[in-house]
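This report concerns only the one structure given below.
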Amino acid sequence: MLTRTSILSLLLICQLAVTGQSEKAFLRSANKLYEAGVWSEALPMYLTLLQQAYDKEQNEALVDCYMQLGLYEDAAAWMRMLVDQEPNNPELLRRYADVLKRNGNYHLAKDYYLQFAVYDATGYYLAGTCDYAINNAQADSLVWIESLAVNTPASDISPAFFRKGLLFASNLQQPDKRNKTIADPATGTGFYNLYYAAINSNGDITRAAPFDELNSELNDASASFDDVNDVLYIGRNNMLHGRQKAGKDNSVHLSLFYAAYSEGRFKKLEPFVWNDKQYSVGHPCIAGNGKLLLFTSNMEGGYGGTDIYYCTLEEDAWSDPVNLGPVINTAGNEAYPFVTADGRLYFTSDYHPGFGGMDIFWSERVGATWKKPVNPGLPLNSSYDDFACIMTGETGYFSSNRPGGQGSDDLYRITYMKPVQSIHVINSKFQPVAGARVTLLENDHRIEAGYTDGDGNLSLPIESGHAYTVALTKDGYLDAVMYDLEQYRSSNGFITIDMQELYGTDESRQEEDSIIDEQDMDWDTTTTDEEQLPEVGIFDVYIGTFKEPEYTKITSLARFGELSVRSEENGLLSFYILGITLRSTADAALTAALAAGFSEAAILEKE
């Protein structure tokens, strides 16, 4: 990834280089690199020239380099110089407003969209999207976002479900079979390759390996797996017999390929029938038991830059591509379709009302029409590029170049926290309490919810908008009460409630007699330091109470136990890790919370 630090280093080299050759020759070199699309090398050369003497054309080229490399704040600073020189240039006004919005500067972006509207009425719509971003700036507290451990300093994008893990693409530079490292001349980074990362039983993804069986020497990116027919679809540069196929514009476009998967291996990759060297076909999504294929394309006849199309499999042949229509596709760019098991369509757009750059949207089909797309809001989306979202149930994954990541683009997991719908009841020995009577109380109204099953679980007959208190009773146990149930959330809709045994009952006397009998027997039950049993109990870790939670830091603590959030007064949110059974784990969670900057974190031991 090209960073400001690397730009400064290159800038110093360029300053030394320009002293060794004429300025004209240096400019010719910069222009050649720019025209060849080698943005990362042309950028510091233009910076060097502009520091010596201002030139408008060089300024324009520099802005383009910054935009191509995703350095939008620098692009805005240099673009402002151009706008000041040409305040009546509508194309420049539109571009400047776009980059301001991408940087989250919505008010100023709106001003420039309105100036653009004098020349093109589209500016009024775009100004309205800034109002949308301003009016929806409150992040959803029930959405958890966490960065994946497999992220690299490069660009990691396009997650896809495959078997018991994820496929994704990364342009991390890796040596090939001949131990040579090949870089994309345009960006200075590696070409995209597919990687596979397994998801363990805790839902964690910690290690990734190259998917070498299908990777080529150029870009291999977005994937989609048909788990009914065992066929994998991928997007890659247009190839024929291992050679690139360029169109009339000398561009090598994206194309789709597919390969059958059998006995742990892939058969030969085959090209999709609607590939064409004159346009791109990419971002596959296979759905409908392998009979529906959605993809992104800039083929002629669309509504904007790139649109989403679909084909159906009819008698072992794919139908003609069909545009999803103007409800989904716009005058901008739509891409990265994904269809969930229940038919919800997720996609990316840079034109529907959003927060800047690319945003994630979803829509559902009713009969033959699509509903108006919904922007899920913050924190799933941001003013940066958020794209390629895949979902299963309440959990999913997506890509973003938002600040705070490891590289230029990173992979994130999203979890929608659920209101409590069920309880899990345990005793002081962490054993499930079966047969506990559960009653829901609301003012003077009582609802007999039932009795916990053999695992200590019970689904509650609750309705949204009600303020319930949960009361539990069982012979041999102290009564237990949980107030304000609606204020609790968890990732699985369960919450754990502890019931304390009553000592003095027949059951507890038998336990005490057993202990006494063992003490009377002359057994040596002492242990060495190395043999000490771990201290056990029921521990909750209080993380803190916040108005604007740092979700990435908070969700990183989920590895220690069940995360829970409680709504407090004045819109504040309190976060906890619940039901930790080992003191050592609770200590580790506390240490991690304090290290993350949560100074009020504390262990809450339950008696």
Side-chain angles (χ1 to χ4, degrees), residues 132 140 143 157-162 166-167 221-228 233-235 254 256 272 274 280-299 302-313 318-355 357-377 380-381 385-400 412-416:
Y132 173 87
D140 187 345
V143 178
I157 62 171
S158 301
F161 296 117
F162 178 73
L166 286 182
L167 284 176
S222 306
S224 181
F225 183 61
D226 174 6
D227 58 4
V228 174
Y233 295 78
I234 67 170
L254 289 177
L256 292 186
F272 179 51
W274 293 111
S280 286
V281 179
H283 309 157
C285 171
I286 189 72
N289 294 326
K291 307 240 179 238
L292 176 68
L293 178 64
L294 294 90
F295 56 88
T296 304
S297 179
N298 60 348
M299 65 177 65
Y303 293 91
T306 61
D307 284 6
I308 299 174
Y309 293 79
Y310 72 90
C311 293
T312 56
L313 190 62
W318 289 108
S319 69
D320 290 352
V322 179
N323 192 296
L324 280 189
V327 175
I328 302 297
N329 293 316
T330 68
N333 297 282
E334 281 68 47
Y336 297 101
F338 177 81
V339 178
T340 64
D342 59 0
R344 175 175 285 186
L345 169 68
Y346 283 85
F347 66 99
T348 298
S349 175
D350 64 2
Y351 196 81
H352 286 290
F355 297 90
M358 294 188 292
D359 273 17
I360 295 165
F361 295 82
W362 63 263
S363 179
E364 294 174 338
R365 195 170 179 85
V366 179
T369 61
W370 289 98
K371 289 184 178 180
K372 180 181 178 181
V374 175
N375 188 317
L380 174 58
N381 286 315
D385 289 329
D386 309 290
F387 57 101
C389 181
I390 62 174
M391 295 292 299
T392 175
E394 301 300 320
T395 301
Y397 303 87
F398 69 100
S399 308
S400 178
Y412 294 86
R413 176 163 48 206
I414 174 176
T415 303
Y416 284 92

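When a residue number appears, it is its place in the shown sequence, counting from 1. Note that these values count all heavy atoms, side chains included, but never hydrogens, waters or copies made by symmetry. Everything numeric in this text was worked out from a predicted model, so none of it was measured.
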Has the side chain of W370 got a donor or acceptor atom that lies under 3.5 Å from a matching backbone atom of P326?
no
Would a 4.5 Å heavy-atom cut-off, applied to side chains only, mark P337 and L345 as touching?
yes
Mind checking whether F338 and F161 have side chains closer than 4.5 Å, heavy atoms only?
yes
Does any N or O in the side chain of T348 come within less than 3.5 Å of the main-chain N or O of E334, such that one atom is a donor and the other an acceptor?
no
Taking atom OG of S158 and atom CD1 of I234, what is their separation to the nearest 0.5 Å?
12.0 Å
Parallel, tilted or perpendicular: rings of H352 and F361 (30°, 60°):
tilted
Would you kindly say whether T306 and N298 are connected by a side-chain donor-acceptor distance under 3.5 Å?
no
Is there a side-chain contact between F355 and N375 (heavy atoms, below 4.5 Å)?
yes
Could you measure the distance from the CG atom of N381 to the CZ atom of F387? Nearest 0.5 Å is fine.
12.0 Å
Between the CG atom in N323 and the CG atom in D307, the distance rounded to the nearest 0.5 Å is 4.5 Å
Test item: I390 and L166 side chains (from C-beta on) under 4.5 Å apart, heavy atoms:
yes
Report yes if some heavy atom in the side chain of T296 is under 4.5 Å from a heavy atom in the side chain of N333; otherwise report no.
no
Is any side-chain heavy atom of V143 closer than 4.5 Å to a side-chain heavy atom of I414?
yes
Kindly compute the distance separating OH (Y397) from OG1 (T392), expressed to the nearest 0.5 Å.
9.0 Å
Could you tell me the separation between the OG atom of S400 and the CD1 atom of I360, rounded to the nearest 0.5 Å?
7.5 Å
Counting C-beta onward and ignoring hydrogens, is there a side-chain heavy-atom pair between H283 and F295 closer than 4.5 Å?
no
Quick one: CG on L324 to OH on Y303, what's the gap to the nearest 0.5 Å?
10.0 Å
Check M391 against G393 and note the closest heavy-atom contact, atom names and distance.
CE-O, 3.9 Å
Close side-chain approach of L293 and L313, heavy atoms under 4.5 Å:
no
